[in-house]
Amino acid sequence: MTTGSSLRLACPADYLLSRDFCSYGYFLLAPNRWDTESQRFSTVLTLPDGVVTVTVSQGASRVAGGRSAPRRRSGPPGVPGAPLRVVCDRTLDRAEQAAVKAQLVRMLRLDEDAKTVRGFHKVDPRWKKFGRGRLMRSTSLFQDVVRTVTSCNVTWPSTVHMNERLCAVVGGGAFPTAKKLKRTRASTLRARCRVGYRDKRLVQLADLFASGAIDEDRWTSPETSDDEVFKALVELPGIGPYAAANIMQLLGRYGHLPLDTESVRHGRVVLGMEGTHAEVMRRVGEHFAPFGEHAFRSYWFELWDFYESRRGPSWLWDPETTGKSFTANQL
DNA sequence: GGTAGACCTGGACGC
DNA sequence: GCGTCCAGGTCTACC
């Protein structure tokens with residue numbers, strides 16, 4: 001039996017894999033796979049010379065039976081700040097190892113300054129004790145944009161299905177690259193990936209990314225204003241105000257709220273707001289405005305807290321049941 | 001600038 | 001098993 005490369009990935013002192021990986025719905029999307037028993041995840045990454053499946057763990061943090069890692073009472077398992085162990089299914093050279101690390105750092109936001117998280121806790125201390133502050137995202141901006149488009153105008157199970165099909169049909173197991181998606185016929189995306197009317201928009205987006213028309217560095221630069229990025233995003237095919245605001249947070253710009261029907265549900269059920277759909281949506285925006293540049297995280301962790309109050313801790317959600325079945329209007 | 005309706009899919013429901 | 005209805009954000013035509 002051949003063994004692959006094993007890498008060690010340092011992470012910030014506050015980083016806790018079980019809590020911080022299972023902090024955003026994309027952790028349930030293919031090719032990601034969270035294992036609730038071993039409290040580690042696997043995913044498939046694309047490298048210049050092929051794909052690699054990696055399994056990522058943080059110390060020994062098994063939760064069901066057997067030898068267990070220290071588990072804080074009523075908290076997520078694991079030891080914050082412990083380095084991550086990345087096991088690959090094949091041997092990688094140095095350049096490939098660096099590429100794997102870079103993708104995981106982006107996905108887990110390990111490069112996000114701990115000061116930013118502390119700043120968030122200062123503005124909204126409700127999450128300090130539990131340590132919530134970091135949000136999981138994709139290994140690339142392209143993935144984040146495509147996933148956002150597949151989450152628009154559908155219930156969550158359809159988003160899960162579209163991502164599974166995109167990986168299986170176009171990506172060969174991994175999430176499709178912009179180059180691959182660009183070369184895919186819109187009719188194939190519609191018929192085999194069930195993306196519906198999003199077919200042409202996805203190909204156009206892939207073309208923009210593959211051709212270098214998207215200036216990601218500019219969008220992440222502190223020199224570029226939020227408004228400028230937002231305006232550029234809504235120019236993209238398939239991206240409206242909701243999707244743009246969501247991509248903003250995925251870029252690390254947390255000042256905008258992606259307001260949708262879920263925001264309205266939250267406003268009514270959790271915040272006790274009344275009025276029409278439009279009125280509640282506006283009030284939710286106003287409610288979180290005082291959190292300023294941290295507004296999205298305050299909003300999102302309230303939502304996530306509500307989901308966990310109904311479905312249990314996210315690091316124990318079974319991807320085959322909870323992860324696929326739950327939709328906001330059923331909670 | 002604001003609004004109505006089309007765009008698609010999958011799930012729920014009734015028969 | 002089939003038909004109907006509904007949820008969901010973006011886009012376009014129209015006022």
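A note on names: the letters A, B, ... follow the listed sequences, proteins ahead of strands, and every chain is numbered from 1. Just so you know, these numbers come straight off a predicted model, no measurement behind them.
- Distances shorter than 4.0 Å separate none of the side-chain N or O atoms of A/Arg198 from OP1 or OP2 on B/dC8.
- Annotation: side chain of A/Thr159 is in contact with side chain of A/Trp156 (closest heavy-atom distance under 4.5 Å).
- For the helix from B/dG1-C/dC15 to B/dC15-C/dG1, the terminal axes (five pairs an end, C1' atoms, rotation from four pairs onto the next four) enclose an angle of 30°, given to 10 degrees.
- Aromatic ring orientation, A/Phe301 versus A/Phe120: tilted (interplanar angle from 30° to 60°).
- Between the CG atom of A/Asp199 and the C1' atom of B/dT9 there is a distance of 13 Å, rounded to whole Å.
- Aromatic rings of A/Tyr254 and A/Trp300 (six-membered ring for Trp) have centroids beyond the 6.0 Å cut-off, not under it.
- Applying the 4.0 Å criterion to OP1 and OP2 of B/dC8, one finds that A/Arg194 has every side-chain N and O outside that range.
- Contact check of residues 242-260 of chain A against DNA chain C (heavy atom, cut-off under 4.0 Å) returns A/Tyr242, A/Ala243, A/Asp260.
- In this structure, A/Trp156 places its CH2 atom 17 Å from C1' of B/dG11, rounding to the nearest Å.
- What separates CD1 of A/Ile239 from C1' of C/dG8 is a distance of 15 Å, to the nearest Å.
- Closest approach of A/Lys182 and A/Ala206 over heavy atoms only: N-CB, 3.5 Å.
- Between A/Thr261 and C/dG8 there is a side-chain polar atom (N or O) within less than 4.0 angstrom of OP1 or OP2.
- A salt bridge links A/Asp144 with A/Arg106: the distance from a Lys NZ or Arg NE/NH1/NH2 to an Asp or Glu carboxylate oxygen falls below 4.0 Å.
- Using the six-membered ring where Trp is involved, A/Phe291 and A/Phe288 have ring planes that are tilted, between 30° and 60° apart.
- Salt bridge absent: A/Glu112 and A/Arg137 never bring a charged side-chain N and a carboxylate O closer than 4.0 Å.
- Taking every heavy atom of residues 142-151 of chain A and every atom of DNA chain C, no pair lies under 4.0 Å.
- Side-chain contact check for A/Trp317 versus A/Cys22: every heavy-atom pair is 4.5 Å or farther apart.
- Rounded to whole Å, the distance from CD on A/Glu262 to C1' on C/dA7 is 12 Å.
- Atom C1' of nucleotide B/dA6 and atom NZ of A/Lys200 are separated by 14 Å, given to the nearest angstrom.
- No side-chain donor-acceptor contact under 3.5 Å links A/Arg297 to the backbone of A/Val117.
- Counting only heavy atoms from C-beta outward, the side chains of A/Val284 and A/Val264 never approach each other to under 4.5 Å.
- A sub-4.0 Å separation between OP1 or OP2 of B/dG10 and a side-chain N or O of A/His161 is present.
- Summary of the strand contacts: A/Ser158 and A/Arg201 both lie near DNA chain B, and taking for each the nucleotide with the nearest heavy atom, the more 5' one is attributed to A/Arg201.
- Residues A/Arg283 and A/Glu286 are not paired through a salt bridge, judged by the lack of any N-O separation under 4.0 Å between the basic side chain and the carboxylate.
- Between A/Arg134 and A/Asp14 there is a salt bridge, since a side-chain N of the basic residue sits under 4.0 Å from a carboxylate O of the acidic one.
- Per the geometry, OH belonging to A/Tyr197 stands 9 Å off P belonging to C/dC11, to the nearest Å.
- Atom P of nucleotide B/dT9 and atom CZ of A/Arg165 are separated by 13 Å, given to the nearest angstrom.
- Summarising the geometry, the separation between CZ on A/Arg265 and P on C/dA7 is reported as 15 Å, rounded to the nearest angstrom.
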